[in-house]
Amino acid sequence: MIDATKDTSRHQGLRKKLIDELQQKGITDEQVLQAMRAVPRHLFFDSVFTERAYEDKAFPIAAGQTISQPFTVAYQSQLLRVKPREKVLEIGTGSGYQAAILHQMGAKVYSIERQRTLFSTASALLRELGYTSIQTFYGDGFEGLPTYAPFDKIIITAGASVIPEKLLHQLKTGGFMVIPFGDKSQKMLRITRNGDHQFSQEEFGDFTFVPLLPGKVN
Ligand code: SAH
């Protein structure tokens, strides 16, 4: 459970302001807004940045990575259209914040991180905050999780310069992947699996992510 002394009414007030800002920027999905209202983003931060946790900005976490900007988290979550109990695979656990949002939206969350330090910190934090049903894995997201496949939805939270083929084949028919695709900056894509070897693609706005990289780092 989230300790009330760590999530004060001041934090909740700041969070409400952030939600208003996200609505002004075009986030309309109530399920997403509710989840972002509920999850205390400031607890997913290095303490030096805690005071700024409710600004709509990305911030550094360990291993040279970032916690995505709230607007980006909201945007990807909105595109994902999570239904209760759907199996969602996230690539790039990072701070664990996006995983917590997906859990709060009702998904059964599986999340992979290639940096061991981030995997350990985020796994411990998610447990401590009571998100015990989120399953975290240390590994290379390009491989996905064949043992747990197929998934209803897959979300990639790093910029991909190639589409991870194996992941497309871990989607259920009718399921889709939300992926920022591109080298220096990325276009948000939603790729739907329409049949065994049939896929279709929709294109959304431009974003900048840290890169999706192969292999894992100890
Ligand atoms: N979803 C995170 C965002 C973290 S930034 C959050 O809410 O905080 C993207 C993360 O993707 C980084 O932690 C990076 O290490 C990780 N990453 C990059 N390539 C990966 C890969 N092939 N497999 C798993 N994680 C990867």
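Just so you know, ligand 1 is whichever comes first in the structure, and atom 1 is the first atom listed for that ligand. Everything numeric in this text was worked out from a predicted model, so none of it was measured.
Residue contacts with ligand 1, taken as heavy atom pairs separated by less than 4.0 Å, involve T93 solely via the backbone atoms N, CA, C and O. Contacts with ligand 1 closer than 4.0 Å are made by no heavy atom of K216, backbone or side chain. Residue-level proximity to ligand 1 for A99 is absent, since no heavy atom of it falls below 4.0 angstrom.
A donor atom on one side chain and an acceptor atom on the other are found under 3.5 Å apart for S111 and E90. Side-chain contact annotation: Q115 with T93, donor-acceptor N/O pair under 3.5 Å absent.
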Query - Derivation of the side chain to side chain contact (heavy atoms under 4.5 Å, CB included) call for R41 and R15 - result: CA-CA 8 Å; R41 186 174 190 249; R15 205 142 70 229; 5.6 Å; no

Query raised in the report: Checking side chain to side chain contact (heavy atoms under 4.5 Å, CB included) for the pair F44/L125: CA distance, chi angles, key distance, verdict?
Result: CA-CA 8 Å; F44 291 81; L125 179 68; 3.5 Å; yes

Query - Chi angles and distances behind the side-chain hydrogen bond (donor to acceptor under 3.5 Å, both in side chains) call for S200, N194 - result: CA-CA 7 Å; S200 60; N194 302 309; 3.0 Å; yes

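Interface of Y97 with ligand 1, defined as ligand atoms under 4.0 Å from a residue heavy atom, comprises 7 (O). Shown in contact with L212 at under 4.0 Å from a heavy atom are these atoms of ligand 1, numbered in order with element: 18 (C), 19 (N), 20 (C), 21 (C), 22 (N). For ligand 1, the atoms lying closer than 4.0 Å to a non-hydrogen atom of I91 are 23 (N), 24 (C). If you number the atoms of ligand 1 from 1 as listed, the ones under 4.0 Å from a heavy atom of L118 come out as 13 (O). Per-residue contacts place S68 under 4.0 angstrom from the following atoms of ligand 1 (heavy atoms of the residue considered): 3 (C). In the vicinity of Q115, heavy-atom distances shorter than 4.0 Å reach the ligand 1 atoms 15 (O). Near V210, the atoms of ligand 1 lying under 4.0 angstrom from a non-hydrogen atom of the residue are 5 (S), 9 (C).
The shortest contact between atom 15 (O) of ligand 1 and any protein heavy atom is with E113 OE2, 2.6 Å. From the protein, the heavy atom lying nearest to atom 23 (N) of ligand 1 is G141 N, 2.7 Å. The nearest heavy-atom contact from the protein to atom 11 (O) of ligand 1 is G92 CA, 3.2 Å. Closest protein heavy atom to atom 8 (O) of ligand 1: S95 OG, 2.7 Å. When only non-hydrogen protein atoms are considered, atom 7 (O) of ligand 1 lies nearest to Q98 N, 3.1 Å. In this structure, atom 22 (N) of ligand 1 lies nearest to the protein heavy atom L213 O, 2.6 Å. Here the protein heavy atom with the shortest distance to atom 20 (C) of ligand 1 is R114 CD, 3.2 Å.
Both tests hold for K108 against Y110: distance to the six-membered ring centre under 6.0 Å, angle to the ring axis within 45°. Remark: R193 is not positioned above the aromatic ring of F199, lacking an NZ or CZ atom under 6.0 angstrom from the ring centre and at most 45 degrees off the axis.
For the pairing with F142, the side-chain contact (heavy atoms from CB on, under 4.5 Å) check across I112, L212, I91, L167 returns one residue only, L212.
When the heavy-atom distances from atom 12 (C) of ligand 1 to Q69, Q65, E143, R41 are ranked, the shortest goes to Q65. When the heavy-atom distances from atom 4 (C) of ligand 1 to I61, T157, T117, T66 are ranked, the shortest goes to T66.
Contact annotation: P211 has at least one heavy atom less than 4.0 Å from an atom of ligand 1.
Note: the hydrophobic cluster containing V82 does not contain F151 (ILVMFWY, side chain heavy atoms under 4.5 Å, direct or indirect links). No chain of hydrophobic side-chain contacts below 4.5 Å, direct or via other Ile, Leu, Val, Met, Phe, Trp or Tyr residues, connects L126 to Y138. In the hydrophobic clustering of ILVMFWY residues, with side-chain heavy atoms under 4.5 Å counting as a link, F207 and I155 come out together.
Ion pairing of K187 with D206 is present here, as a side-chain N (NZ or NE/NH1/NH2) and a carboxylate O approach within less than 4.0 Å.
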